[in-house]
Amino acid sequence: MPRSIDDYLDQAALADTVTDADLDALHREIVRDVTATLMFGARPAPEGHYPTALDGAEAALNALSAELIHSTKAAEHLARIADAPSDADGALHFGCLLNLAQEPDSALWWWQFAAGAGNATAAYCLHLHHLLRGELRDADHWAHQALNLDTDIHLTPTMTPTPIRCPAHPTRALREAVERLKVEELAGAPFHHPDHRLADQIEELADAC
């Protein structure tokens, strides 16, 4: 018996598996692409050949995050934030670690805390974070905050000849270290609590990048 058009349509229909998180991610990607086109024009070559400022912001943020967690004082800063959540340098480093673990919403909270406590580097991280999302007004706000806190800070980063690079996706060790942390929800976003075990592991985790 010949199949009807309805049969073919039923076969072609996609399963309703798109979640709200998928839609949010798609929305952010569309905003990012549209913003890049409006600011810098359509890309004349495949992505990666001529990166936009938004791509540069993402690379700069990841490179800065990697540099900070590789620093000799990273363990000290993370231990300090585990003891006293009011430590700005510890909040900066913890935010960078969360960024590399692809927990940007939680990283955002810690960077905001550090920047509010007067940390210019955290304000710069927020500038890059919002820039790569295409949130230009917020990016501009944090650029001004970074300059107000440190007039010597460079908002257009220059990479060292051999920048520290972490994989495009977090390593298993880093993911597991972050996943075992205590997490609660604040204003609809995850909030990770640092602990001393993370400080003890940081050298090992940094070496895995």
Side-chain angles (χ1 to χ4, degrees), residues 48 51-82 85 87-133 135 138-139 142-179 181 192 194-209:
T52 67
L54 304 186
D55 298 315
E58 183 171 24
L61 181 57
N62 288 337
L64 177 57
S65 296
E67 182 179 350
L68 286 172
I69 71 163
H70 277 85
S71 69
T72 57
K73 292 189 175 181
E76 176 185 339
H77 290 309
L78 290 173
R80 196 181 304 159
I81 195 67
D87 184 78
D89 285 330
L92 166 67
H93 282 72
F94 187 46
C96 287
L97 186 144
L98 291 170
N99 174 61
L100 293 175
Q102 295 186 348
E103 293 288 351
D105 292 330
S106 194
L108 179 67
W109 191 96
W110 287 99
W111 284 332
Q112 287 176 335
F113 171 81
N119 190 295
T121 303
Y124 178 48
C125 287
L126 289 166
H127 163 69
L128 294 172
H129 171 89
H130 287 293
L131 184 58
L132 71 88
R133 287 189 172 189
E135 299 163 353
D138 289 332
W142 288 110
H144 283 87
Q145 289 295 102
L147 289 171
N148 286 337
L149 293 168
D150 183 358
T151 56
D152 293 328
I153 198 166
H154 297 286
L155 296 180
T156 304
T158 54
M159 294 298 181
T160 59
T162 55
I164 298 171
R165 298 185 183 277
C166 280
H169 300 287
T171 63
R172 180 178 179 181
L174 181 57
R175 284 299 316 170
E176 289 178 349
V178 170
E179 286 172 356
L181 295 175
H192 292 74
D195 61 17
H196 279 278
R197 182 178 171 187
L198 188 66
D200 294 338
Q201 286 182 295
I202 190 58
E203 186 174 344
E204 174 188 345
L205 296 174
D207 287 343
C209 284

Exercise for the section: May I have the step-by-step check of side-chain contact (heavy atoms from CB on, under 4.5 Å) for L205 and L198, ending in yes or no? Expected result: CA-CA 9 Å; L205 296 174; L198 188 66; 3.9 Å; yes
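- Looking at N99, its side chain never comes within 3.5 Å of a backbone N or O of G95 through a donor-acceptor pair.
- Atoms CD and CG, from E179 and L174 in turn, are 9.5 Å apart once rounded to the nearest 0.5 Å.
- Contact detail for W110 and P194: the closest heavy-atom pair is CZ2-CD, 3.7 Å.
- Annotation: the span from S65 atom OG to H70 atom NE2 amounts to 11.5 Å, rounded to 0.5 Å.
- Side-chain contact between L98 and V178 is present, with at least one heavy-atom pair separated by less than 4.5 Å.
- Note that CG of L181 is 8.5 Å distant from CG of L97, once rounded to the nearest 0.5 Å.
- Distance alone, capped at 3.5 Å, places no donor-acceptor pair between the H129 side chain and the C125 backbone.
- When each of L126, D89, L92, D150 is tested with T121 by the rule side-chain contact (heavy atoms from CB on, under 4.5 Å), just one qualifies, namely L92.
- A177 and Q201 make their closest contact through CB-OE1, 3.9 Å (heavy atoms, listed as atom of the first residue, atom of the second, distance).
- Across A206 and I69, no two heavy atoms sit closer than the pair CB-O, 3.6 Å.
- Taking CD1 of I202 as the reference point, atom CD of E204 lies at 10.0 Å (rounded to 0.5 Å).
- For the pair L78 and I81, the tightest heavy-atom approach, listed with the atom from each and the gap, is O-CG2, 3.1 Å.
- To the nearest 0.5 angstrom, D87 atom CG is 8.0 Å from F113 atom CZ.
- With rounding to the nearest 0.5 angstrom, the NE2 atom of H93 is 9.5 Å from the CD atom of E76.
- Nearest heavy-atom pair across R175 and Q102 is NH1-O, 4.1 Å.
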Exercise for the section: Run the numbers on Q145 and N148 for side-chain contact (heavy atoms from CB on, under 4.5 Å), then give the verdict. Expected result: CA-CA 5 Å; Q145 289 295 102; N148 286 337; 3.9 Å; yes
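- Nearest approach of A114 to A91, heavy atoms of both residues: CB-CB, 3.9 Å.
- Checked by atom type and distance alone, the side chain of H127 never pairs as donor or acceptor with a backbone atom of W142 at under 3.5 Å.
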